[in-house]
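Note that the coordinates shown come from a computational prediction; the quantities given were computed from them, not determined experimentally. Only this structure's heavy atoms are used, side chains among them; waters, hydrogens and symmetry mates stay out.
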Amino acid sequence: MDKGLHFMFCVVTTVLLLRESSQTGAMRNDDAMIKANDLRGPGENLPALTVTTILEDPYVMVRSAELEGYCIDLLKALASMLHFSYKVKVVGDGKYGAISSNGSWTGMIGEILRQEADIAVAPLTVTSAREEVVSFTTPFLQTGIGILLRKDTTSHEMSFFHFLAPFSKETWTGLLFAYVLTCVCLFLVARLSPCEWNEPKNEENHFTFLNSLWFGAGALTLQGATPRPKAFSVRVIAAIWWLFTIALLAAYIANFTALLSSGSEQLPIQTFEDLVKQRKLEFGTLDGSSTFYFFKNSKNPIHQMIYEYMDKRRDRVLVKTYQEAVQRVMESNYAFIGESISQDLAAARHCNLIRAPEVIGARGFGIATAQASPWTKKLSVAVLKLRESGDLDYLRNKWWESSCLHKSRERWSPLQPQALGGLFLTLAIGLALGVIAAMVELSNKSRHAAGHVKKSCCSIFTEEMCTRLRIKENTRQTQETSGRANA
């Protein structure tokens, strides 16, 4: 009897343990299902969507038999917010979506129209033609049309006067004016100051106009130049000019270094007009892309010339994929016209590539859905929430991270006069102080002289001014008078 009871107890215990382990296993399977669905709730109640996309770095990429990229992360965030499950499929024909010759739509747009997919999450540009047949959400990325170039195909020899490039024309004009004005002030103050030139009739003034010019030029090259100032007023002007030249040379050297290292000034192709005028590079875009139809429908003469060039050489200049376009730019004399945001990524990944400054045709990437789909409004609101929370910026920085050393370098531009406005103001104040100091020194001497000869201070001051500013004429008159007396 005891053995029977013991046997029954063991059987019951074993059954209970097996039931608990099965429940635990079921719970673990549910957890795995939840993780697979990105924590979107019980898998039985989730609406399932078929998502079409296209392989393009960094939006959708294949890594270890799995898809990853910007659009995949965006899709996971949307599914977590709106509580849906999804199945991702790559578009069959590898195209974005355009009207074919028989009037039907290709690519991801065609799959949505044929109800082969519910939504398209990809770098799909919102256009009026596509908006007529499908619906788009609020754009999740803003972009435009740019020109992708290889640096060594666009560089050219520097001009003979390339050393003038660090400063703009206005800055050089202001510098020349400041130099001449300072030299004139040195010349006048050295003549007016009695501490610099005590006896105009008996002493020679070393600060002639030519010597003043030489003194200013010597300071520009950080070289000492004679004559050396003795009066306080002249020293004030000399000191403020030295300070001005030191700051100016530092700005010139820094900007010239940035110019040589950035290479932006060496780009002869800055705009689409420059691209049309040159004959060295072929240029094209993705076949059947929104960029191609942008130039086709544009009324701009430059854009029409670009379209005619690409249409006549369709088999040679149009590419099938974005990867093919980047590879062709790197290996041949070819310029790719496409989405600027994708070109920024190519320039960040390949350090020998660069995007031209001009960007036209501002547009956005949106999620495509069937017309009258209830998901359009929901997805638009979710995209706006992701933008407001900073999640879209986080994804942008995550997938567009640069591997080049120059990733944080800004585009170079000539130094404008506004950047040196404080420096020029300081120089003007210093010149004014020097002139005022010279007038004070001359007035003090006139006051002392007026006490000895018993004349008014103003008359003595006026005589001193006339004597110092017309010394050559007075010297001639003195020489003529002494000659007549000797005769």
Checklist entry - Which of parallel (below 30°), tilted (30 to 60°) and perpendicular (above 60°) describes F140 and F365? => result tilted
Checklist entry - Is the backbone of L281 close enough, under 3.5 Å, to the side chain of Q278 for a donor and an acceptor to pair up by distance? => result yes
Checklist entry - How many angstroms lie between CD1 in I436 and CG in L433, if you round to the nearest 0.5 Å? => result 6.0 Å
Item to check | Polar side-chain atom of Q304 near backbone of S298 as donor-acceptor pair, under 3.5 Å | outcome: yes
Checklist entry - salt bridge (Lys or Arg N to Asp or Glu O under 4.0 Å) with D57: which residues, sequence neighbours excluded? => result R349
Next on the checklist: Under the rule for side-chain contact (heavy atoms from CB on, under 4.5 Å), what residues qualify as partners of L67, not counting sequence neighbours?
Outcome noted: L55, V60, V62, I72, V88
Next on the checklist: Counting C-beta onward and ignoring hydrogens, is there a side-chain heavy-atom pair between V329 and L149 closer than 4.5 Å?
Outcome noted: no
Checklist entry - With T245, which residues qualify under side-chain hydrogen bond (donor to acceptor under 3.5 Å, both in side chains), at least two apart? => result none
Checklist outcome for this item: Between the CG atom in L78 and the CG atom in L386, the distance rounded to the nearest 0.5 Å is 5.5 Å
Item to check | V319 vs D287, side-chain contact (heavy atoms from CB on, under 4.5 Å): CA-CA, chis, key distance, verdict | outcome: CA-CA 6 Å; V319 294; D287 189 12; over 6 Å; no
Checklist entry - What pairs meet the ring-ring contact (aromatic ring centres under 6.0 Å, His included) rule with one or both residues in residues 314-338, with sequence neighbours excluded? => result none
Item to check | Over all atoms of both residues, closest heavy-atom pair of I354 and A347 | outcome: CA-CB, 4.4 Å
Checklist entry - Can I119 and T137 be said to form a side-chain contact (heavy atoms from CB on, under 4.5 Å), step by step? => result CA-CA 10 Å; I119 62 174; T137 65; over 6 Å; no
Checklist entry - So which pairs with a foot in residues 331-341 pass salt bridge (Lys or Arg N to Asp or Glu O under 4.0 Å), sequence neighbours left out? => result E339-R363
Checklist entry - At what distance, to the nearest 0.5 angstrom, does CG of L431 lie from CD1 of I240? => result 8.0 Å
Checklist entry - Which residues satisfy the ring pair (Phe, Tyr, Trp, His ring centres under 6.0 Å) test with F283, sequence neighbours excluded? => result Y309
Next on the checklist: Salt bridge check, E282 against R316: does any charged N sit closer than 4.0 Å to a carboxylate O?
Outcome noted: yes
Next on the checklist: Taking salt bridge (Lys or Arg N to Asp or Glu O under 4.0 Å) as the definition, give me every residue that meets it alongside K296, ordered by chain and number, with sequence neighbours left out.
Outcome noted: none
Checklist entry - Is there side-chain contact between L176 and T173, with at least one heavy-atom pair below 4.5 Å? => result no
Checklist entry - When rounded to the nearest 0.5 angstrom, what distance separates CG in L210 from CH2 in W214? => result 11.5 Å
Next on the checklist: Apply side-chain contact (heavy atoms from CB on, under 4.5 Å) to residues E358 and Q270 and explain how you reach the verdict.
Outcome noted: CA-CA 6 Å; E358 186 180 35; Q270 301 278 339; over 6 Å; no
Checklist entry - Short question: side chain of W172, backbone of L164 - any donor-acceptor pair under 3.5 Å? => result yes
Next on the checklist: Just by distance, no angles: are the side chains of S389 and D391 close enough, under 3.5 Å, to form a donor-acceptor pair?
Outcome noted: yes
Checklist entry - If you take all heavy atoms of G94 and I54, which pair is closest and at what distance? => result O-CD1, 3.4 Å
Checklist outcome for this item: Note: G216 and W241 closest approach over all heavy atoms is O-NE1, 3.1 Å
Item to check | Non-neighbouring partners of D311 that pass salt bridge (Lys or Arg N to Asp or Glu O under 4.0 Å), sequence neighbours left out | outcome: R314
Next on the checklist: Within the 4.5 Å heavy-atom criterion, are V184 and F209 side-chain neighbours or not?
Outcome noted: yes
Checklist outcome for this item: Here the pair of heavy atoms bringing K280 nearest to N333 is O-CB, 3.9 Å
Item to check | From I145 atom CD1 to I360 atom CD1, the distance as rounded to the nearest 0.5 Å | outcome: 5.0 Å
Next on the checklist: Has N255 got a side-chain atom pairing as donor or acceptor with Y252's backbone, closer than 3.5 angstrom?
Outcome noted: no
Checklist entry - So do the side chains of V317 and T285 get within less than 4.5 Å of each other, counting heavy atoms only? => result no
Next on the checklist: Donor-acceptor pair, distance only, cut-off 3.5 Å: does the side chain of W399 make one with the backbone of C71?
Outcome noted: no
Checklist entry - Under a 4.5 Å cut-off applied to non-hydrogen side-chain atoms, are L213 and V180 in contact? => result no
Checklist entry - Mind checking what makes ring pair (Phe, Tyr, Trp, His ring centres under 6.0 Å) contact with F292, not counting sequence neighbours? => result Y307
Item to check | Pair T376-T369, side-chain donor/acceptor within less than 3.5 Å | outcome: yes
For residues 231-239, which side-chain donor-acceptor pairs fall under 3.5 Å, sequence neighbours excluded?
unit_1	atom_1	unit_2	atom_2	d
S233	OG	E441	OE1	3.2
R235	NE	P229	O	3.2

Checklist entry - Roughly how far, to the nearest 0.5 Å, is the CD1 atom of I337 from the OG1 atom of T291? => result 8.5 Å
Next on the checklist: Could you check whether any side-chain heavy atom of P58 comes within less than 4.5 Å of a side-chain heavy atom of W400, counting everything from C-beta outward?
Outcome noted: yes
Checklist entry - Checking R63 side chain against E68 main chain: does a donor-acceptor pair fall under 3.5 Å? => result no
Next on the checklist: Between R355 and I147, does the side-chain contact (heavy atoms from CB on, under 4.5 Å) criterion hold? Intermediate values first, please.
Outcome noted: CA-CA 6 Å; R355 179 175 61 81; I147 309 171; 5.9 Å; no
Checklist entry - Is there a donor in the side chain of T127 and an acceptor in the side chain of S290, or the other way round, less than 3.5 Å apart? => result no
Item to check | Which atom of V126 lies closest to which atom of G366, heavy atoms considered | outcome: CG2-N, 3.8 Å
Checklist entry - Can you name the residues that form a salt bridge (Lys or Arg N to Asp or Glu O under 4.0 Å) with E273, not counting sequence neighbours? => result K277
Item to check | Residue pair V381 / T138, side-chain heavy-atom distance below 4.5 Å | outcome: no
Checklist entry - Are any side-chain N or O atoms of T143 and backbone N or O atoms of G364, one a donor and one an acceptor, separated by less than 3.5 Å? => result no
Checklist entry - Above 12 or not: heavy atoms from other molecules or residues under 6.0 Å from NZ of K398? => result yes
Checklist entry - Looking at residues at least two apart in the chain, or sitting in another chain, which of them share a ring pair (Phe, Tyr, Trp, His ring centres under 6.0 Å) with F136? => result none
Checklist entry - Given side chains that start at C-beta, do those of C185 and L181 come closer than 4.5 Å, heavy atoms only? => result yes
Next on the checklist: I'd like to know if the side chain of S332 reaches the main chain of R328, judged simply by a donor and an acceptor atom lying under 3.5 Å from each other, with no hydrogens or angles considered.
Outcome noted: yes
Checklist entry - Has the side chain of R387 got a donor or acceptor atom that lies under 3.5 Å from a matching backbone atom of P139? => result yes
Checklist entry - Under 3.5 Å, side chain of T257 to main-chain N/O of I253, donor-acceptor pair present? => result yes
Item to check | Least distance between heavy atoms, Q142 atom then I341 atom | outcome: O-CD1, 4.0 Å
Checklist entry - Going by the angle between their ring planes, with limits at 30° and 60°, are Y70 and Y59 parallel, tilted or perpendicular? => result perpendicular
